[in-house]
Q: 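Below is a structure I'd like to ask you about.
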Amino acid sequence: MSVPASFSSSPILSLTEAATSISQLQQVHAYMLKTGLFHHTFAASRLLTAATTISHHSLSYVESIFTHVHRPNSYIYNTMIHAYATSETPGLSFIVFLKLLYENSQVYADKYTFTFILKACARVCRGKEGKQIHGIVLKNGLGDDEYIKNTLIHMYAKCGCFEVARNLLDRLQKDDAVSWNALLSVYTQMGFVELARELFDEMPVRNVESWNFMVSGYVNSGLVEEARDVFDVMLVKDIVSWNAMISGYAKSGAFGEVLVLFEDMQTVEVRPDNCTLVNVLSACAGLGALSQGKWVHAYIDRNGIEVEGFLATALVDMYSKCGCIEKALEVFDNVLKKDISTWNSMIAGLSIHGSGHHALKMFNQMISGGFTPTEVTFISILSACSRAGLVSEGLMMFDHMVRVYGIQPTIEHYGCLVDLIGRRGLLNEAKELLNKLTVKESPIVWQSLLASCRNHDDVELAEYIARKLFELEPKDTAGYVQLSNFHASLGRWNGVMEVRTRMREKGLKKEPGCSMIEIDGTVHEFLAGEGVIVEPPRLKV
DNA sequence: TTAGGGTTAG
């Protein structure tokens with residue numbers, strides 16, 4: 001079909017790029033169908049591209065446009081292959097790729113096709129197919145394309161063909177950091193941190209991403225100090241560098257370091273993003289650092305950042321763990337786009353507060369809102385029932401979880417269940433339930449039952465459980481300590497002496513308990529029997 | 001006429 005000269009500047013086409021939602025795009029689509037514009041492949045391609053940038057989660061609308069294009073060209077096929085390659089179902093790229101190769105003799109694969117399909121091969125680790133496609137690339141005379149070469153290096157490495165990847169890298173004409181990163185990123189993601197370091201030291205060129213791969217590689221292998229050493233000598237740090245280091249500290253529980261680094265970040269020209277704020281809030285939650293948490297909340301408001309998704313969850317969690325349940329509820333109520341995690345964090349918050357009835361009410365509201373509870377929801381709701389002594393409600397919830405939602409109970413659910421039954425004094429029933437569990441998983445739940453024995457003065461069962469725990473976890477002191485305390489509470493000093501002697505003989509020492517509290521904006525961490533050991537700095541307000 | 005490689009996170 002011939003295209004008018006003014007076609008590409010048609011106002012309706014610029015509307016495809018202006019659309020910010022599927023429904024807006026569908027209006028443009030309807031207009032195109034009515035006027036026949038949709039029959040122009042170029043117009044359809046603009047619509048298709050706009051649809052791929054808007055629909056991140058579901059490709060059904062993109063697919064429906066693709067199947068209705070009358071005369072698809074390479075661009076149309078490539079856009080569809082790319083959309084699948086970056087989606088949660090990269091394997092579907094192959095179907096479109098085969099259609100392009102064999103169903104349409106008018107259209108040919110080009111350099112874009114190969115970068116996209118090779119990306120799909122890497123995502124699904126299909127080295128055999130990748131190698132075949134590499135053959136087609138060479139046959140088509142595209143073996144010198146820089147983008148294709150870099151994607152090939154990444155694809156081979158991702159599929160475990162490290163020698164082939166390295167060979168391609170060594171044969172490159174010019175040094176490009178992206179080519180080296182293609183291999184480096186795979187080493188760091190797979191946890192081959194020493195290989196990554198060797199490669200990094202060997203690299204003739206590095207860019208900020210190369211450094212970021214090393215920082216996140218060390219962090220993901222639990223080597224936070226090594227990550228910090230790399231971070232400290234970086235000349236250029238971007239938001240990814242800061243977030244990688246901050247999340248490393250957050251993941252390892254070094255919450256004080258998170259706050260220090262966040263403060264350092266404010267002296268440079270890098271603005272925190274949602275990821276930074278989520279990690280800082282989780283550090284505040286872990287430390288009970290309410291004023292720092294409030295500062296982050298104020299920062300969010302000041303900068304007009306929308307409270308949704310991870311950020312909403314983190315804020316609710318921070319306020320709950322810092323003891324401000326009212327504030328957590330207020331934040332929760334103001335979240336416009338709640339997801340299942342937002343609900344889970346609110347229910348967990350109510351559970352921590354011992355507000356069992358309120359947690360159950362929240363659970364029902366969530367169901368009425370059309371949300372499907374997850375494993376995590378039930379852990380919170382069961383522990384809420386357990387903490388608040390709502391035994392029959394808890395048992396009903398457990399039954400509901402299995403029968404209505406088809407969720408297989410995990411060790412955490414059994415832990416809550418044993419706690420619930422134990423509170424009712426049905427200790428032998430709880431014991432029977434536990435003996436059905438696999439040995440590998442059960443120690444923590446046995447400990448929970450041991451606590452119930454103490455509340456119901458069942459020395460015989462306590463001895464039985466303690467013996468069980470000694471067998472399961474000979475190095476763990478928790479069982480010994482609980483039994484010893486139990487004997488002490490009954491004035492059975494011989495029992496106490498016996499257990500303590502057994503601990504000494506095995507060279508075991510109880511780790512001191514610790515707790516944290518914020519006083520006048522400073523977080524103090526107390527070890528049992530000691531003074532203050534941590535004082536994270538206050539943030540600029 | 002449109003587009004491409006490596007990218008931190010509850």
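Since the model is a prediction, treat every value here as computed from it, not as a measurement.
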Q: Starting from P on B/dT1, measure out to CG on A/Leu37 and report it in whole angstrom.
A: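 It works out to 19 Å between those atoms.
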Q: Can you tell me the distance, in whole Å, between the CD1 atom of A/Ile305 and the C1' atom of B/dA9?
A: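 After rounding, the reported distance stands at 15 Å.
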Q: Can you confirm if the NZ or CZ of A/Arg206 lies within 45° of the ring axis of A/Trp211 and under 6.0 Å from the centre of its six-membered ring?
A: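 Yes, A/Arg206 sits over the ring of A/Trp211.
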Q: How about A/Lys131: does its NZ atom have over 12 heavy atoms from other parts shown lying under 6.0 Å from it?
A: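 Open: at most 12 neighbouring heavy atoms sit under 6.0 Å from NZ of A/Lys131.
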Q: Considering only B/dT8, B/dG4, B/dA3, which nucleotide approaches the side chain of A/Tyr75 most closely?
A: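 Out of B/dT8, B/dG4, B/dA3, the nucleotide with an atom closest to A/Tyr75's side chain is B/dA3.
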Q: Can you tell me if A/Asp201 has over 12 outside heavy atoms packed within less than 6.0 Å of its CG?
A: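 For A/Asp201, atom CG is crowded (more than 12 foreign heavy atoms under 6.0 Å).
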Q: State which of B/dG6, B/dG4, B/dA9 makes the closest approach to the side chain of A/Asn220.
A: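 Closest of the options to the side chain of A/Asn220: B/dA9.
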Q: Mind checking A/Asn207 for me? I need base, sugar-phosphate or nothing, with any heavy atom below 4.0 Å counting as a touch.
A: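 Base, at least one base atom sits under 4.0 Å.
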Q: Quickly work out the A/Asp144 CG to B/dG4 C1' distance and round it to whole Å.
A: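 It works out to 17 Å between those atoms.
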Q: So what does A/Ser341 touch, heavy atoms closer than 4.0 Å: a base, only the sugar-phosphate, or nothing?
A: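 Base contact.
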Q: With respect to the side chain of A/Lys251, which nucleotide from B/dA9, B/dG6, B/dT2 is positioned closest?
A: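 Taking heavy atoms from C-beta onward, the closest nucleotide is B/dA9.
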Q: Measure from NZ or CZ of A/Lys338 to the centre of the six-membered ring of A/Phe332, then state whether that distance is under 6.0 Å and the direction lies within 45° of the axis.
A: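 Yes, A/Lys338 sits over the ring of A/Phe332.
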Q: I'd like to check, for A/Phe42, whether its ring lies over the base of B/dT2 with centroids under 5.5 Å apart and a plane angle smaller than 30°.
A: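 Stacking between A/Phe42 and B/dT2: absent.
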Q: Just to confirm, is there a sub-4.0 Å distance from OP1 or OP2 of B/dT7 to any side-chain nitrogen or oxygen of A/Gln189?
A: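 Yes, such a contact exists.
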Q: Roughly, in whole Å, what's the span from CD in A/Glu146 to C1' in B/dG6?
A: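 After rounding, the gap between these two atoms is 14 Å.
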Q: Distance under 6.0 Å and angle within 45° of the ring axis: does A/Lys99 meet both against A/Tyr77?
A: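 Geometry flag: not set, cation outside 6.0 Å or 45°.
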Q: When you measure from the side chain of A/Asp145, which nucleotide among B/dG4, B/dG6, B/dT8 comes out closest?
A: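 Given the options B/dG4, B/dG6, B/dT8, the side chain of A/Asp145 is closest to B/dG4.
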Q: Under 4.0 Å, counting only non-hydrogen atoms across every strand here, what does A/Asp176 touch: a base, just sugar-phosphate, or nothing?
A: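 Contact class for A/Asp176: base.
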Q: Measuring from the side chain of A/Ile148 (C-beta onward, heavy atoms only), which nucleotide among B/dG4, B/dA3, B/dT2 has the closest atom?
A: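 Of the candidates, B/dG4 comes closest.
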Q: Starting at NE2 of A/His154 and ending at C1' of B/dG6, how long is that distance when rounded to a whole Å?
A: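 Checked: the NE2 to C1' distance equals 7 Å.
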Q: Just checking A/Lys111: base, sugar-phosphate only, or nothing, at a heavy-atom cut-off of under 4.0 Å?
A: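 Counting heavy atoms under 4.0 Å across all strands, the contact made by A/Lys111 includes a base.
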Q: Round to the nearest Å and state the distance from A/Leu315 atom CG to B/dA9 atom P.
A: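 Atom-to-atom, A/Leu315 to B/dA9, this comes out as 20 Å.
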Q: Under the 3.5 Å rule, do the base of B/dA3 and the side chain of A/Asn78 count as making a donor-acceptor pair?
A: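 Check passes, donor-acceptor contact within cut-off.
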Q: What nucleotide, of B/dA3, B/dT2, B/dG6, holds the atom closest to the side chain of A/Glu209?
A: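 Nucleotide nearest to A/Glu209's side chain: B/dG6.
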Q: What do the steps show when you test A/Ile340 against A/Thr372 for side chain to side chain contact (heavy atoms under 4.5 Å, CB included), and what is the final call?
A: CA-CA 8 Å; A/Ile340 184 67; A/Thr372 308; over 6 Å; no
Q: Any stacking of A/Tyr112 on B/dG4, going by centres under 5.5 angstrom and planes within less than 30 degrees?
A: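 Not stacked by the 5.5 Å and 30° rule.
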Q: Looking at A/Ser45 and B/dT2, is any side-chain donor or acceptor paired with a base atom of the opposite kind under 3.5 Å?
A: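 In this structure, the two groups form a donor-acceptor pair.
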Q: In whole Å, what is the span from the CG atom of A/Leu13 to the P atom of B/dT1?
A: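 Taking atom P of B/dT1 as the reference, CG of A/Leu13 is at 16 Å.
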Q: For A/Phe114, which contact category applies under a 4.0 Å heavy-atom criterion: base, sugar-phosphate, or nothing?
A: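 It contacts nothing in the nucleic acid.
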Q: Quick one: A/Ile153 CD1 to B/dG4 P, roughly how many Å, whole number?
A: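 A/Ile153 atom CD1 is separated from B/dG4 atom P by 20 Å.
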